[in-house]
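Since the model is a prediction, treat every value here as computed from it, not as a measurement.
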Amino acid sequence: MSLHLTRRRLAAAAVQRSGPIASVSRWLHTPPFATVSPQEISGSNPAEVQNFVQGSWTTSANWNWIVDPLNGEKIIKVAEVQEAEIKPFVKSLSNCPKHGLHNPLRAPERYLMYGDISTKAAHMLGQPVVSDFFAKLIQRVCPKSYQQALAEVQVSQKFLENFCGDQVRFLARSFAVPGNHLGQSSNGYRWPYGPVAIITPFNFPFEIPLLQVMGALYMGNKPVLKVDSKVSIVMEQMLRLLLACGMPAEDLDFINSDGITMNKLLLEANPKMTLFTGSSRIAEKLAADLKGKIKLEDAGFDWKVLGPDVQEVDYISWVCDQDAYACSGQKCSAQSILFMHKNWSSSGLLDKMKILSERRKLEDLTIGPVLTVTTASMIEHMNNLLKIPGSKILFGGEPLENHSIPEIYGAFKPTAVFVPLSEILKSDNFELVTKEIFGPFQVVTEYSEDQLEMVLEACERMNAHLTAAVVSNDPLFLQAILGRSVNGTTYAGIRARTTGAPQNHWFGPAGDPRGAGIGTPEAIKLVWCFIDPENIINGRIWFWGTVLAMFYADLCSVF
């Protein structure tokens, strides 16, 4: 069969599947579940994002246009639900009982079903055409280098592989304690919350919502998911993949809305637990509105301490550059402040970091638009820091040049500002210096042996404990820092970093009982279930004993 004939048949199949308006080129360049092509989204060919509720895709009376972060062109229209349109979502969430869609005593076969769904989804994401599709779609709405975008997909694919087969039901492993007398025991079951909500930000439009959604579903919850509208097209397409892999359509709702509408939905539907990833200001408001029924993964002013043992300078300078400026600094785990032992001053570390930062360019998106902080805001913050005695710009400090990034977004060169440690600790300066700038911006300072206590004091006074790195192979130095600091994820050793959350790492903030986790079985158990104790007395234990005896008799008859 000729290639030309093959393409004609594929085109005919595309039309039959999607109707006469289907794009032949889209069919040839995207996976079968997809409704968009990242390469073809443009002002003249805009994409469309819908909502999903009660098992059906729906639109809205209001369409919100999303602009291309690189040139300001309107490229995506999102069906944003208005306050008057939330009733179907409220009803859908309210219909889910508190005992969930499944639990250890009800519909346990669904644990196996989600193991199978994870297997199929992991296999699909492992196909180059699918991983490439999502990586390029991420780049269109949250510009980052292809490798950074692809890594987000690959980590998610490995996460799904971790929960194939029996691994979902092992998440619900229970415990039993012997009782006081014959016929009595105490069993503790991992129980879902039932109706739940998930709110996630723009910076990881694939990994964060997918991992939290799957964790919620594994444990038997029914989530309503809201992703930042700027990037929600990515998760909309992933939901279509999950449906193609067998996820029951009624198990999850997907809503696009502004914050006010979502807040109203939460108050009316009253989910039993809400997972929020985003800014601390909104997190605190939601915690009050929802009366504490919430888990948070909010801000991170993340520190790195370079110990006295200077080694592997080239590698460490590269890691510092990656930690501070990959994804244009738009990671909650980005390196915010670098405490550098004075031994590093003559190592050439800062010069190497400067050279690496200057290699970043808009053409390959190793530096790009900052979606939540304007250029003017970053300049203002830098100028405020430079008013502190002894402060100076180490490199950067200027807007990007020769670009078409719209003014609503930031466009700033990778920047480092040195501030003396003694000045950082002053009460008038500390809040300013430790303000999180969600962009390519970091503070650098230096300390000596007799100033280690000052470094520890600074770490103690910070409020956002997400990630940290202690770069040293000196065991006594490591023990001194690690034993007197608190972080959700701390990387220690000469190759330590602040960024990176592969599927085998527990990732989340610490020091707050509301802190959420992501990625591992421990994180899923922390966020998406609770222990439901049941004290079994004589009558009930004999009932279960009878069932077990009958089951054993059936097995004997088979064999």
Side-chain angles (χ1 to χ4, degrees), residues 23 25-42 45-50 52 57 66 68-70 75-76 78 117-164 198 200-215 217 225 227-247 252 254 256 277 326-327 330-331 364-365 368 371 500-503 518-519:
S23 166
S25 60
R26 185 186 74 196
W27 174 253
L28 292 173
H29 294 93
T30 59
F33 63 83
T35 60
V36 300
S37 170
Q39 296 93 327
E40 296 180 12
I41 297 174
S42 66
N45 184 37
E48 183 178 297
V49 179
Q50 298 181 341
F52 192 71
W57 292 102
I66 306 300
D68 188 325
L70 293 173
I75 58 170
I76 301 171
V78 179
I117 292 169
S118 293
T119 301
K120 295 173 184 176
H123 174 71
M124 290 191 71
L125 288 180
Q127 297 175 13
V129 66
V130 178
S131 59
D132 180 72
F133 166 80
F134 280 112
K136 288 177 178 173
L137 190 58
I138 291 168
Q139 284 188 299
R140 289 309 310 272
V141 293
C142 182
K144 58 180 78 173
S145 70
Y146 182 80
Q147 189 55 49
Q148 287 284 322
L150 182 62
E152 191 175 336
V153 181
Q154 291 171 333
V155 166
S156 301
Q157 190 255 346
K158 290 296 182 183
F159 166 87
L160 290 169
E161 284 185 349
N162 284 345
F163 295 100
C164 294
I198 300 172
T200 62
F202 75 92
N203 57 331
F204 285 88
F206 189 82
E207 182 180 348
I208 293 177
L210 177 59
L211 268 58
Q212 294 293 11
V213 159
M214 297 309 293
L217 291 169
L225 170 66
V227 182
D228 189 317
S229 293
K230 291 192 291 292
V231 298
S232 62
I233 190 172
V234 178
M235 197 58 193
E236 189 228 39
Q237 294 298 300
M238 184 61 202
L239 292 184
R240 295 180 187 274
L241 183 150
L242 291 174
L243 291 168
C245 291
M247 182 184 76
L252 179 146
F254 175 70
N256 297 284
T277 305
C327 300
Q330 296 172 104
K331 293 185 179 183
D364 60 7
L365 294 179
L371 301 191
Q503 70 287 342
I518 192 171

Peer 1: Minimum heavy-atom separation for V153 and A135, please, with both atom names.
Peer 2: CG2-N, 4.0 Å
Peer 1: Not counting sequence neighbours, which residues clear side-chain hydrogen bond (donor to acceptor under 3.5 Å, both in side chains) with S118? List them please.
Peer 2: Y218
Peer 1: Are side-chain N/O atoms of D364 and Y146 paired as donor and acceptor at under 3.5 Å?
Peer 2: no
Peer 1: Are the side chains of P205 and D228 in contact, using a 4.5 Å heavy-atom criterion?
Peer 2: no
Peer 1: Applying side-chain contact (heavy atoms from CB on, under 4.5 Å) between I76 and each of V141, V231, D68, report the one that passes.
Peer 2: V141
Peer 1: Go through the structure and list residues passing salt bridge (charged side-chain N to carboxylate O under 4.0 Å, His left out) with K144, not counting sequence neighbours.
Peer 2: E152
Peer 1: Taking side-chain hydrogen bond (donor to acceptor under 3.5 Å, both in side chains) as the definition, give me every residue that meets it alongside S232, ordered by chain and number, with sequence neighbours left out.
Peer 2: N256
Peer 1: Any chance you could measure F204, atom CZ, to M235, atom CE, to the nearest 0.5 Å?
Peer 2: 15.0 Å
Peer 1: Measure the CG-CZ distance between L210 and F134 for me, rounded to the nearest 0.5 Å.
Peer 2: 8.5 Å
Peer 1: Measure the shortest side-chain to side-chain distance between M238 and L125 over non-hydrogen atoms and say whether it is less than 4.5 angstrom.
Peer 2: yes
Peer 1: To the nearest 0.5 Å, what is the distance between CD (E236) and CG (L137)?
Peer 2: 9.5 Å
Peer 1: Dump the intermediate steps for side chain to side chain contact (heavy atoms under 4.5 Å, CB included) on L211 and F206, then the final yes or no.
Peer 2: CA-CA 8 Å; L211 268 58; F206 189 82; over 6 Å; no
Peer 1: Do you know which two heavy atoms are closest between S145 and Q139, and how far apart they sit?
Peer 2: C-NE2, 3.6 Å
Peer 1: Let's go through T200 and V213 carefully: what are the C-alpha distance in whole Å and the side-chain angles of both, what is the deciding distance for side chain to side chain contact (heavy atoms under 4.5 Å, CB included) to 0.1 Å, and is it a yes or a no?
Peer 2: CA-CA 10 Å; T200 62; V213 159; over 6 Å; no
Peer 1: So which heavy atom on A47 is nearest to which on I233, and how close?
Peer 2: CB-CD1, 3.6 Å
Peer 1: Can you tell me how far apart CG (L160) and CE (M124) are? Round to the nearest 0.5 Å.
Peer 2: 11.5 Å
Peer 1: With rounding to the nearest 0.5 angstrom, report the OG1 to CD distance, T30 to E40.
Peer 2: 8.0 Å
Peer 1: Please find the pair of heavy atoms, one from V227 and one from P201, that lie closest to each other, and give the distance.
Peer 2: CG1-O, 4.1 Å
Peer 1: What residues, two or more places apart in sequence or in another chain, satisfy side-chain hydrogen bond (donor to acceptor under 3.5 Å, both in side chains) together with N45?
Peer 2: none
Peer 1: What closest approach, in Å, do A501 and V155 show between heavy atoms, and which atom pair accounts for it?
Peer 2: O-CG1, 3.7 Å
Peer 1: Taking only residues two or more places apart in sequence, or in another chain, which ones meet K120 in a salt bridge (charged side-chain N to carboxylate O under 4.0 Å, His left out)?
Peer 2: none
Peer 1: If the plane angle is over 60° it's perpendicular, under 30° parallel, otherwise tilted; pick one for F254 and W57.
Peer 2: perpendicular
Peer 1: For R140 versus P38, what's the shortest heavy-atom pair and its separation?
Peer 2: NH1-O, 2.8 Å
Peer 1: Within the 4.5 Å heavy-atom criterion, are D132 and V129 side-chain neighbours or not?
Peer 2: no
Peer 1: Is the shortest side-chain heavy-atom distance between M214 and L242 below 4.5 Å?
Peer 2: yes
Peer 1: Got a second to check how far F202's CZ is from T277's OG1, nearest 0.5 Å?
Peer 2: 12.5 Å
Peer 1: Verify side chain to side chain contact (heavy atoms under 4.5 Å, CB included) between L225 and F52, making sure each step is shown before the conclusion.
Peer 2: CA-CA 10 Å; L225 170 66; F52 192 71; over 6 Å; no
Peer 1: Write out all pairs satisfying side chain to side chain donor-acceptor pair (under 3.5 Å) with one or both partners inside residues 203-214, taking only residues at least two apart or from two chains.
Peer 2: Q212-W528
Peer 1: Please check this pair: side chain of Q503 against backbone of N162, looking for a donor-acceptor N/O pair closer than 3.5 Å.
Peer 2: no
Peer 1: So T119 and F163, do their side chains get closer than 4.5 Å, heavy atoms only?
Peer 2: no
Peer 1: Begin with the C-alpha distance, continue with both residues' side-chain angles, and end with the deciding distance and a verdict on side chain to side chain contact (heavy atoms under 4.5 Å, CB included) for I138 and Q148.
Peer 2: CA-CA 10 Å; I138 291 168; Q148 287 284 322; over 6 Å; no
Peer 1: Hey, are T35 and Q237 close enough side-chain-wise for a donor-acceptor pair under 3.5 Å?
Peer 2: yes
Peer 1: For F33, is there any backbone N or O sitting under 3.5 Å from a side-chain donor or acceptor partner on R240?
Peer 2: no
